[in-house]
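Step one of this worksheet: look at the structure below.
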Amino acid sequence: MTIPSSTNPDGSFKNAMPSYFYLPPLDVSAAFPQATPASTFPPSASDYFQFDDLLTAEEQAIRKKVRECMEKEIAPIMTEYWEKAKFPFHVIPKLGALHIAGGTIKGYGCPGLSITGSAIATAEVARVDASCSTFILVHSSLAMLTIALCGSEAQKQKYLPSLAQFQTVACWALTEPDYGSDASALKTTATKVEGGWILEGQKRWIGNSTFADVLVVFARNAATNQINGFIIKKDAPGLTVTKIENKIGLRIVQNGDIVMRKVFVPDEDRIAGVNSFQDTNKVLAVSRIMVAWQPIGISMGIYDMCHRYLTERKQFGAPLAAYQISQQKLVQMLGNIQAMILVGWRLCKLYESGKMTPGHASLGKSWITLRARETAALGRELLGGNGILADFLVAKAFCDLEPIYTYEGTYDINTLITGREVTGFASFKPVAQRSRL
């Protein structure tokens with residue numbers, strides 16, 4: 001294409017593009033009037049087996065409160081911020097007003113929800129936007145829970161009340177550039193000095209880290225070789241955090257690279273209850289349940305969007321919902337969601353009764369995310385060309401599921417955790433090769 005040009009008074013050239021080259025895009029409602037975009041979120045239609053009957057009155061109230069907030073406050077802006085890969089800081093007070101941060105933690109200004117209530121809240125946030133759900137999960141079910149389960153009384157009193165109100169924001173730093181699935185092999189070191197500790201190392205993929213006030217960081221004790229936990233303030237000398245760019249999923253979440261160069265942490269901010277990698281499992285047991293409920297919520301939103309779209313969109317003289325192939329795919333999605341919900345609900349009940357094992361949590365997370373990927377793929381097909389537009393939710397959810405399929409243990413690693421539990425054999429490391437003759 002040859003671009004026509006004309007000359008400015010100073011002799012330089014200027015483009016003389018036709019005026020339509022500079023017009024802003026049509027609003028999607030005007031460009032495609034046959035279906036409502038996700039900025040006006042569809043009503044819930046996925047509770048086909050009446051799962052709501054299994055919830056207490058308090059849990060039902062949590063669901064209603066979170067659903068109303070997400071549909072009103074987040075749905076209208078999520079596509080814009082997802083496209084820009086920026087975080088909508090102005091909604092943090094509104095999320096704080098939901099009083100769900102801290103989840104199951106009792107006292108210190110935290111809500112003290114049942115594990116089921118916290119899971120329901122997670123799903124309802126993810127139903128509208130997975131990034132907001134991840135933001136809350138990192139802050140609440142990882143960072144806050146680490147302080148609540150492993151921190152000293154002084155640390156709980158100092159940090160949890162403001163975190164519970166989202167007056168301050170936290171992140172949780174375990175993963176490193178060289179160690180993702182093999183997290184227990186982390187290289188970041190903590191060396192004891194007078195009055196505190198010196199931390200050296202790097203962390204990667206840390207959600208919320210670019211703006212977190214409090215960073216919960218795990219490092220290897222240089223003396224004992226065990227994993228310890230520390231609380232670092234965002235303005236600590238020697239601490240730098242940079243944003244990871246060019247993500248295709250969870251674009252609203254601000255993931256960062258953390259570099260620590262001789263960062264001093266006072267003794268009072270050493271998390272006394274973290275003395276080995278196994279201590280992190282106290283936290284991961286709960287967070288893995290919450291992560292399992294994220295794809296449940298995402299799938300609910302996809303189904304709700306597709307259900308409305310198929311009734312509004314007409315082709316060949318009838319709504320798409322009237323065609324057999326559309327109904328078959330929609331019902332397959334609906335069946336997936338019913339099964340996913342029941343597995344997630346059972347995980348909560350096993351945890352509440354003290355019977356949940358790491359294998360239970362890992363099977364729940366891996367299987368649910370697998371079914372969610374299938375559900376998203378079917379939804380993408382049902383929406384045709386509009387299935388690739390974030391405006392209609394499914395493409396955005398399709399991408400957001402990919403990091404969730406991977407974090408908190410990849411599908412494969414979680415499968416091996418369950419496999420170890422049911423067979424008694426650990427298969428995480430390759431079998432040593434026999435000597436060749």
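Here the structure is a predicted model, which means the values were calculated and not measured.
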For this session: Mind jotting down which residue pairs meet the ring pair (Phe, Tyr, Trp, His ring centres under 6.0 Å) criterion with at least one end in residues 127-151? Sequence neighbours excluded, please.
Result: F87-F135, F135-F166, H139-F166
For this session: Using modelled atom types only, decide if a donor and an acceptor are shared between the side chain of Q327 and the backbone of A321 within a distance under 3.5 Å.
Result: yes
Exercise. Which of these, V394, L383, L378, I337, sits in a side chain to side chain contact (heavy atoms under 4.5 Å, CB included) with I302?
Worked result: V394
Exercise. When you check the gap from the basic side-chain N to the acidic O, do E83 and R251 get nearer than 4.0 Å?
Worked result: no
Exercise. Hey, are D400 and W82 close enough side-chain-wise for a donor-acceptor pair under 3.5 Å?
Worked result: yes
Exercise. Which atoms form the tightest heavy-atom contact between P295 and I404, and what is the distance?
Worked result: CD-CG2, 4.0 Å
For this session: Verify, without hydrogens or angle tests, whether T418 (side chain) and L363 (backbone) share a donor-acceptor contact under 3.5 angstrom.
Result: yes
For this session: Using the ring pair (Phe, Tyr, Trp, His ring centres under 6.0 Å) rule, collect all pairs that involve residues 235-277, keeping only residues at least two apart or in two chains.
Result: none
Problem set entry | Criterion side chain to side chain contact (heavy atoms under 4.5 Å, CB included) against I231, the qualifying member of V265, V214, T146 | V214
Problem set entry | Check: Y407/T175 side-chain N/O donor and acceptor closer than 3.5 Å | no
Problem set entry | Closest non-hydrogen atom pair between L347 and H360, with its separation | CD2-O, 3.4 Å
Problem set entry | Exam field: side chain Q60 to backbone L54, donor-acceptor pair closer than 3.5 Å | no
For this session: Quick one: closest heavy-atom pair of Y159 and D269, and the distance?
Result: OH-OD1, 2.8 Å
Problem set entry | Electrostatic pair E71:R127 at N-O distance under 4.0 angstrom | yes
Exercise. Salt bridge or not for E68 and K72, using N-O below 4.0 Å?
Worked result: no
For this session: Using only heavy-atom distances, determine whether the side chains of Y309 and N386 contain a donor-acceptor pair under 3.5 Å.
Result: yes
Problem set entry | Polar side-chain atom of E176 near backbone of T188 as donor-acceptor pair, under 3.5 Å | yes
For this session: Could you tell me which non-hydrogen atom of C348 sits nearest to which non-hydrogen atom of I115, and how far apart they are?
Result: O-CG2, 3.4 Å
For this session: Answer yes when K365 and E408 have at least one side-chain N-carboxylate O distance shorter than 4.0 Å, and no when they do not.
Result: no
Exercise. Quick one: does K262's side chain have a donor or acceptor within less than 3.5 Å of a partner on P237's backbone?
Worked result: no
Exercise. For M340, does its backbone N or O pair with a side-chain atom of R371 as donor and acceptor, under 3.5 Å?
Worked result: no
Problem set entry | Carboxylate-amine/guanidinium proximity below 4.0 Å for D267 and K192 | yes
Problem set entry | Pair D129-K396, salt bridge (Lys or Arg N to Asp or Glu O under 4.0 Å): steps then yes or no | CA-CA 9 Å; D129 182 65; K396 173 178 169 295; 2.6 Å; yes
For this session: Mind listing the closest non-hydrogen atom pair of S141 and V283 along with its distance?
Result: O-CG1, 3.5 Å
For this session: Compare every heavy atom of T410 with every heavy atom of S181, then report the nearest pair and how far apart it is.
Result: OG-CG2, 4.0 Å
For this session: Name the orientation class of the two ring planes belonging to Y411 and Y405 (parallel below 30°, tilted from 30 to 60°, perpendicular beyond 60°).
Result: parallel
